[in-house]
Protein chains: 2
Amino acid sequence: MTMSRELPSLNALRAFEATARLGSVSRAAEELHVTHGAISRQLRVLEEALEQPLFARHGRGVTLTAMGEELRDRVAGAFDQLRDGWSELRRHRSESPFVLGCASSLLARWVIPRLDRLERDLPMLRLHLSPEENPLAPQHAEPDAALALAAPPWPHGWQVHELAPEQIGPVVSPRYAGLARLLDRDETALCDEALLHTTSRPQAWPEWAQACGLPATALRYGQGFARLFYLLEAAVAGLGVAIAPAPLVQDDLREGRLLAPWGFRQTSASWILATPRRRNDARIDALVAWLRNELTES
Amino acid sequence: MTMSRELPSLNALRAFEATARLGSVSRAAEELHVTHGAISRQLRVLEEALEQPLFARHGRGVTLTAMGEELRDRVAGAFDQLRDGWSELRRHRSESPFVLGCASSLLARWVIPRLDRLERDLPMLRLHLSPEENPLAPQHAEPDAALALAAPPWPHGWQVHELAPEQIGPVVSPRYAGLARLLDRDETALCDEALLHTTSRPQAWPEWAQACGLPATALRYGQGFARLFYLLEAAVAGLGVAIAPAPLVQDDLREGRLLAPWGFRQTSASWILATPRRRNDARIDALVAWLRNELTES
DNA sequence: CTCAACATGTCAGAAAAACTCACATGACCA
DNA sequence: TGGTCATGTGAGTTTTTCTGACATGTTGAG
């Protein structure tokens, strides 16, 4: 009652194909990294299924019977095709660039300044950057990984590698007109400022306030910007006091374009690298390690 | 260090192919007679090997990713080819005639007279007869089975089904000129005869002599024939006393063309049906049963 | 001829792969 | 909101496959 379109054991077929191609049970065993006994047994499985011998044994070596030759002609091409298809797929895969999705503010303020070093340290990555406002949202061309600032619960369908806790703090330009009334005072001084903020993350100031024990309601908001990137440009230009993750203003602090008189405070969010589930490329581990190091060393 | 021409688990590949073709893990599971969990697991094996998802899961069903489509395109044809090749091979096999090798004397004297009944009882056999002087010798076109009279040790490389012990005895035509001096005497009467014999089986008379307690040296030999078939024709023609296996002269005895005054005696040989090893066709069992019945019922 | 070197077959036990079952999750629909 | 469908997951079990040791039979050299 065996449905004729069903296939026999594919491992047995593969053993047959190798034996037929190499003309030897022992060499087929070598190719498949098993013992000759395993091949011998697999051949018997096929022969029993067909109720006909596929090889004539003559003590020293084997030769195909008529039925064996027919089977070889029918399956050899299929196995070639499978091997070619599979290896090409793997080759394409390993040669394809690694697409990193990332919000444009992070990209501009943090990734791009480090890009030369990143490409020098991880050249095999062949990194391609893909600016996307929300890299964790479902989209047409899913990136290989997404760099983001996010808090649990982690987005569904992604595997999250936590890189470092986020630290945020107020920053202000030395050119800011109201700087004088802020210096040498503690955080409460900010209650008198019209704070610059970004609409893409309205919780930044309240979170910070909570972290340093100020009531969130004590804060007054000034101008809002659509993106963190604009917010920081505004701060550098001396338009007021902004709030930012430390790594994004690190260079500005070092070069004196911004001040952070009250330091930075840890939030509940983290820098994360998120990868689509069941993609555990070895390249991802390398990237995670590099990013962790970059975020924590300074 | 994975050699790129190596294949992944073929069972996993088959699970993928079925799932891609049917667009559903559950239906693939049905087709392959396993649970959906088994398919799911196999798909994961492939995805881990490629480090890329092959399907996008959306709670209700799956759809191929770009990489999945590429893999499907590359392997679907190969699986079609394997299925077609295998099923055609099986079809050819089951439709092919069953070739029975048999010495020409047996063929003429025993098989052919029973052929109409044999074909009536076992029509699925589609029997083809292949007269060969020594059907157990290695030859170009090996038969599916060989009918022979033989004694152990059995020929190497064949699987032997013993059908019935052989019985041989002297036979003589009622038209034989010397019949008068034989009738109503015991076997010793034959010591005075020039016994007809076949050069293809010189041991027949000595064996018979031993079986009935006569010294083999007491026998005198007359004319020899190249084949048993000729020997029996000579006996029927009244040329002298021949020796023959009982089933081969059964019809002649019944119809009075030959007499067997001293009956038949068992030898160490048997009627056998020999089949090439590892060919255990169901048709063989049917044929063995039929032959056994035919040889023992009379 | 005998013997060593091959090549393959065979079997019991061991290892690995595949599967099942039961439950969990998420999407869709009424 | 609960029910159904489709799939994921994990522990434990079944099935398949492999190994390792030995047997058989062939070949060719000495």
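Residue numbers start from 1 in every chain, and the chains themselves are labelled A, B, ... in the order their sequence lines are given, proteins ahead of strands. On a predicted model such as this, the values are computed, not experimentally measured, just so you know.
With hydrogens and angles ignored, the 3.5 Å screen pairs no side-chain donor or acceptor of B:Ser270 with any backbone N or O of B:Ile272. Distance alone, capped at 3.5 Å, is enough to place a donor-acceptor pair between the B:Arg90 side chain and the A:Ala49 backbone. With hydrogens and angles disregarded, a donor-acceptor distance shorter than 3.5 Å links the side chain of B:Thr65 to the backbone of B:Pro53. Remark: the backbone N or O of B:Phe55 is paired with a side-chain donor or acceptor of B:Arg57 at under 3.5 angstrom. The main-chain N or O of A:Thr275 is never found under 3.5 Å from a side-chain atom of A:Gln159 such that the two would form a donor-acceptor pair.
Residue A:His33 contributes atom NE2, which lies 19 Å from atom C1' of D:dG20 at whole-angstrom precision. One atom, CZ of B:Arg41, and another, P of C:dA16, lie 16 Å apart when rounded to the nearest Å.
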Checklist line | Under 4.0 Å protein heavy-atom contacts per nucleotide of nucleotides 23-30 of chain C, with B for base, S for backbone only and - for none | finding: ---BB---
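With respect to the salt-bridge test (charged N to carboxylate O, under 4.0 angstrom), the residues B:Arg292 and B:Glu162 do not qualify.
Neither OP1 nor OP2 of C:dA17 sits under 4.0 Å from any side-chain N or O of B:Ser9. Put simply, B:Ser40 has no side-chain N or O that comes within less than 4.0 Å of OP1 or OP2 on D:dT9.
Within the helix from C:dC1-D:dG30 to C:dA30-D:dT1, the inter-axis angle between the opening and closing five-pair segments is 20°, rounded to 10°.
In this structure, OG in B:Ser96 is found 11.5 Å from CZ in B:Arg91, a value given to the nearest 0.5 Å.
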